[in-house]
Structure formats: structure tokens, C-alpha cells
Amino acid sequence: MTPSRAMSDVQLCAPSCTLDACLAGERATVRQLQCAKADAMRLRTLGVYEGAKVGIVDRRNGVLLDVCGSRLALDATMAREIVVDPNAA
């Protein structure tokens, strides 16, 4: 990803965006889960709930999150269904 592309992605992401628009190294606060009810329940059980602080660790294959000190891998489809507010690192 080029620096100009990265800058445009960050600008598109502010103030709210889907998790798949965040870059590796960013932190975000979960705002809304727009996935199926069963998926939302499972995510909440794993620590991804409204108000949770998550870190984006890696974006190579889907999104790898840091959630409460644990790592959680999500595919790109699921990441597009989670709305977040990016935070300063």
C-alpha cells in the first residue's frame, strides 16, 4: 500500500468506519456489530462488543486483532460488518 493510499484510507475511516478499513498498528473502539445475531453473540463472548478497545495487529489475510491481550483472527467479510471509531495509537 502506498503512503498516499494509506492516508486516503485513514481519512475515509474518520470518525467511524468498518474494521477492514483500519490499518495495522491502529487502535479502535467497537461501535456496532452489523453481522448476523449468532455471529454477534459469538464476537461478544470473545471480547468484541460495543465499547471494546481493539488493536489491529495484521491485515495480510483478513484482520488479526488484539482483544484484551488475546489475538483474534477475522476474515474480511466479518471485518466489514464491524463498525469502529479509530483511536490515536
Side-chain angles (χ1 to χ4, degrees):
M1 181 178 298
T2 65
S4 62
R5 165 69 191 217
M7 245 349 224
S8 68
D9 284 350
V10 170
Q11 291 168 349
L12 291 174
C13 195
S16 294
C17 63
T18 57
L19 191 56
D20 70 319
C22 293
L23 302 174
E26 286 187 322
R27 297 205 48 82
T29 302
V30 177
R31 184 171 192 188
Q32 183 179 20
L33 302 176
Q34 297 179 333
C35 51
K37 186 175 181 178
D39 291 335
M41 287 175 49
R42 183 163 193 268
L43 286 169
R44 287 182 183 112
T45 300
L46 294 169
V48 180
Y49 52 86
E50 293 81 351
K53 309 279 190 217
V54 298
I56 294 77
V57 177
D58 192 8
R59 296 246 348 220
R60 283 181 277 183
N61 297 312
V63 178
L64 181 62
L65 296 178
D66 174 15
V67 181
C68 300
S70 296
R71 301 292 169 99
L72 177 64
L74 301 175
D75 66 9
T77 302
M78 184 63 65
R80 279 190 293 272
E81 296 175 337
I82 301 172
V83 177
V84 298
D85 289 329
N87 302 331

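None of these values were measured; they are calculated from a predicted model. Below, each value reflects all heavy atoms present in this structure, side chains not excepted, and no hydrogens, waters or symmetry copies.
Side-chain atoms of Val63 and Met78, non-hydrogen and from C-beta on, never get closer than 4.5 Å to each other. The shortest distance between side-chain heavy atoms of Lys53 and Thr29 falls below 4.5 Å. When side chains are defined from C-beta on, Leu19 counts as touching Leu65, because their heavy atoms get closer than 4.5 Å.
Shown here for Asn87 and Ala28, the closest heavy-atom pair between the two residues is ND2-C, 3.5 Å. Among all heavy-atom pairs drawn from Pro86 and Pro15, the shortest one is CD-O, 3.0 Å. A pairwise comparison of heavy atoms in Cys22 and Val84 identifies SG-CG2, 3.7 Å as the closest pair. Pairing each heavy atom of Val67 with each of Val54, the nearest pair is CG2-CG1, 3.9 Å. The two residues Ala79 and Thr18 have their closest heavy-atom pair at O-CB, 4.0 Å. Across all their heavy atoms, Cys35 and Leu43 have their closest contact at SG-CD1, 3.9 Å.
Taking Arg71 as the reference, nothing meets the salt bridge (Lys or Arg N to Asp or Glu O under 4.0 Å) condition, with sequence neighbours excluded. A search for side chain to side chain donor-acceptor pair (under 3.5 Å) contacts involving Asp58 returns Arg60, not counting sequence neighbours.
Pairs of residues two or more places apart, or lying in two chains, that qualify as side-chain hydrogen bond (donor to acceptor under 3.5 Å, both in side chains) and include a residue from residues 35-46 are Arg44-Glu50.
Between atom CD of residue Gln34 and atom CD1 of residue Ile82 there is a gap of 9.5 Å, rounded to the nearest 0.5 Å.
No continuous path of ILVMFWY side-chain contacts below 4.5 Å connects Val57 to Val30, so the two sit in separate hydrophobic clusters.
Using a 3.5 Å distance cut-off with no hydrogens or angles, the side chains of Asp75 and Thr77 do not pair a donor with an acceptor.
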